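Some notes on the structure that comes next.
On a predicted model such as this, the values are computed, not experimentally measured, just so you know.
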Amino acid sequence: MKTTHFLLMLLLGTSISIFALPAKKSLNGWEQTQPETVYTTNLHEHINGQSPLYYELGFDSLFVLQFKKKNSELELNIYKMQSPESAMAIYLVSAGNEIPSDVFQERNSVNPYQLNLVKGSYYFQINMYNSDASTLKDIRTIISPILSKIKKQNIVLLNRLPQNGLVKGSERIARGMYSMRNIYYFGKGDPLMLDGNIFAVAGEYDDGNKKYTQLIIEYPDIVQAKTVFDSLNSDTNKYWKIVLKQNNKMVFKDIYNHFGKVLLSQNKITINTKLENIPN
């Protein structure tokens, strides 16, 4: 590490931008402990076992920095994803039940050991070891030069979810078989034919009378949507039993004795799962 200043290297677009933080030997007492590391096609070397999920959702590159302050340590993992939807998807999976901190304006979730934050096409996962009450403010100081360079973008995809009855923070985004398993298991492979290209959005609902998960997928065309619907509406899936078949509607009962409903409308498929009673 250079003793005159910190250097943060962040991949923005197709170019590499260098941000020089304040010209001090340390920043609020935090010292960078080892050279920056960038991962692209070798993500498995850093998060072995989870890398297929990241690639499926649209991983581009990962920038890792290590900092130390007395007995406390920080590991900054800055993921550049292909799109804001990709960044939000991996954030939602990692954040779980969000507990936001008002130290950050960006969407974030904090626990005693980790900060998850998303802005634009970037997902930040910051691991904290032996941290104290001031650590979050120090993190804000360290990453603010980066955050200021990232344009905030609304995730229009999430607007597909009806707001009435939606449980706050339950939104999830999938783009293939790995990310779909965090929502509902439809069987081996990729039965919904997302293929790492088509985004599906889901949320938990509680309307006072029933609780369920709703999944919405808009396909590029009617033909593909119909192909997926017909596949789900077949009797070959061993994970559920079909109890009602219609041209554009199917009701099933899964191996957990929960009910589900599949609706086809033009190029859109809507699926309700985890219902306690048979739906209308």
Side-chain angles (χ1 to χ4, degrees), residues 43-44 46-60 62 77 79 81-100 107-111 113-118 121-125 127 155-162 165-206 211-219 228 231-232 237-240 252 254-256 258-262 268-275:
L43 182 61
H44 62 279
H46 188 66
I47 54 168
N48 187 28
Q50 284 191 306
S51 57
L53 171 66
Y54 281 71
Y55 284 116
E56 177 180 277
L57 288 173
F59 170 77
D60 181 275
L62 166 63
N77 296 277
Y79 291 86
M81 304 296 286
Q82 292 175 357
S83 67
E85 292 79 10
S86 296
M88 182 60 72
I90 204 65
Y91 166 80
L92 291 171
V93 169
S94 302
N97 296 323
E98 291 175 289
I99 304 175
R107 186 164 181 174
N108 73 91
S109 184
V110 177
N111 63 51
Y113 311 103
Q114 191 175 85
L115 162 68
N116 291 281
L117 182 147
V118 63
S121 297
Y122 292 83
Y123 162 58
F124 294 70
Q125 186 179 77
N127 298 315
I155 311 300
V156 179
L157 177 67
L158 293 175
N159 295 338
R160 294 179 184 175
L161 290 172
L166 177 63
V167 177
K168 185 178 180 181
S170 70
E171 307 96 323
R172 295 292 183 269
I173 298 172
R175 202 167 76 162
M177 63 180 181
Y178 297 109
S179 45
M180 184 56 64
R181 288 173 186 172
N182 293 302
I183 300 170
Y184 188 81
Y185 187 64
F186 287 94
K188 293 182 180 180
D190 185 21
L192 299 181
M193 301 182 188
L194 303 178
D195 195 30
N197 294 305
I198 299 170
F199 283 110
V201 61
E204 302 292 327
Y205 285 82
D206 184 350
K211 297 180 180 180
Y212 58 96
T213 298
Q214 184 166 101
L215 175 71
I216 298 174
I217 315 162
E218 292 187 7
Y219 290 92
V228 173
S231 176
L232 295 175
N237 193 317
K238 64 180 181 180
Y239 296 97
W240 64 61
F252 64 88
D254 65 23
I255 57 175
Y256 302 104
H258 292 151
F259 291 96
K261 179 171 68 173
V262 184
K268 182 173 77 173
I269 288 180
T270 302
I271 306 173
N272 289 356
T273 65
K274 303 177 185 178
L275 289 156

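Looking at every heavy atom in both residues, Tyr212 comes nearest to Leu275 through CB-CD2, 3.5 Å. Nearest heavy atoms, Met193 versus Val228: SD-CG2, 3.7 Å. The heavy-atom pair separating Tyr205 from Pro162 by the smallest distance is OH-O, 2.7 Å. Of all non-hydrogen atoms in Gln214 and Asn272, the two that sit nearest each other are NE2-OD1, 3.0 Å. Nearest heavy atom pair, residue Ile269 against residue Tyr219, reads CD1-CE1, 3.8 Å. Contact record, Asn77 with His46: OD1-NE2, 2.7 Å, taken as the closest heavy-atom pair.
For Tyr178, the OH atom sits in a loose shell: 12 or fewer heavy atoms of surrounding residues, nucleotides or ligands are nearer than 6.0 Å. Heavy atoms of other residues, nucleotides or ligands lying less than 6.0 angstrom from CG of Asn97 number 12 at most. The neighbour count for Tyr113 OH, taken as heavy atoms of other residues, nucleotides or ligands under 6.0 Å away, does not exceed 12.
With a 4.5 Å cut-off on side-chain heavy atoms, Asp254 and Tyr184 count as touching. Annotation: side chain of Asp190 is not in contact with side chain of Met180 (no heavy-atom distance under 4.5 Å). Side-chain atoms of Met88 and Ile173, non-hydrogen and from C-beta on, do get closer than 4.5 Å to each other. Counting heavy atoms from C-beta outward, Val201 and Leu158 have side chains that approach closer than 4.5 Å. Looking at Leu92 and Ile90, their side chains never come closer than 4.5 Å, going by heavy atoms from C-beta outward. When side chains are defined from C-beta on, Phe252 counts as touching Thr273, because their heavy atoms get closer than 4.5 Å. The shortest side-chain heavy-atom distance between Tyr122 and Pro84 does not fall under the 4.5 Å cut-off. Side-chain contact between Thr270 and Leu215 is absent, with no heavy atoms from C-beta onward closer than 4.5 Å.
Residues Glu98 and Lys168 are not paired through a salt bridge, judged by the lack of any N-O separation under 4.0 Å between the basic side chain and the carboxylate. Under 4.0 Å is where a charged nitrogen must lie from a carboxylate oxygen, and between Glu218 and Arg160 at least one such pair does.
Between Tyr55 and Phe59, the two ring planes are perpendicular [angle over 60°; tilted spans 30° to 60°].
Side chain of Ser170 to backbone of Val167: a donor-acceptor contact under 3.5 angstrom is found. Checking side-chain atoms of Ser86 against main-chain N and O of Met81 turns up no donor-acceptor pair under 3.5 Å.
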Inset, instruction - Would you please test Leu232 and Ile271 for side chain to side chain contact (heavy atoms under 4.5 Å, CB included) and show each step? - result: CA-CA 11 Å; Leu232 295 175; Ile271 306 173; 4.2 Å; yes

Inset, instruction - Show your reasoning for whether side-chain hydrogen bond (donor to acceptor under 3.5 Å, both in side chains) applies to Gln114 and Asn116. - result: CA-CA 7 Å; Gln114 191 175 85; Asn116 291 281; 3.1 Å; yes

Inset, instruction - Under the side chain to side chain contact (heavy atoms under 4.5 Å, CB included) rule, what do Ile99 and Val110 come out as? Steps first, then yes or no, please. - result: CA-CA 6 Å; Ile99 304 175; Val110 177; 5.7 Å; no

Inset, instruction - Check the pair Leu43 / Leu62 against side chain to side chain contact (heavy atoms under 4.5 Å, CB included), numbers first and verdict last. - result: CA-CA 8 Å; Leu43 182 61; Leu62 166 63; 3.7 Å; yes

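Taking the ring pair (Phe, Tyr, Trp, His ring centres under 6.0 Å) definition, one finds that Tyr79 meets it with Tyr54, Tyr123, sequence neighbours left out.
Remark: Glu56 CD to Ser179 OG distance equals 3.5 Å, nearest 0.5 Å. The structure places CZ of Phe186 at 9.5 Å from CG of Asn237, a figure rounded to the nearest 0.5 Å. In this structure, Glu171 CD and Leu157 CG are separated by 11.0 Å, a value rounded to the nearest 0.5 Å. Taken to the nearest 0.5 Å, the CG atom of Leu192 stands 12.5 Å off from the CE atom of Met177. Once rounded to the nearest 0.5 Å, the distance linking NZ of Lys274 with NE2 of His258 reads 9.0 Å. The CD1 atom of Ile217 sits 11.5 Å away from the NZ atom of Lys268 when rounded to the nearest 0.5 Å.
Residues Asp60 and Gln82 bring no donor and acceptor atom of their side chains to less than 3.5 Å of each other.
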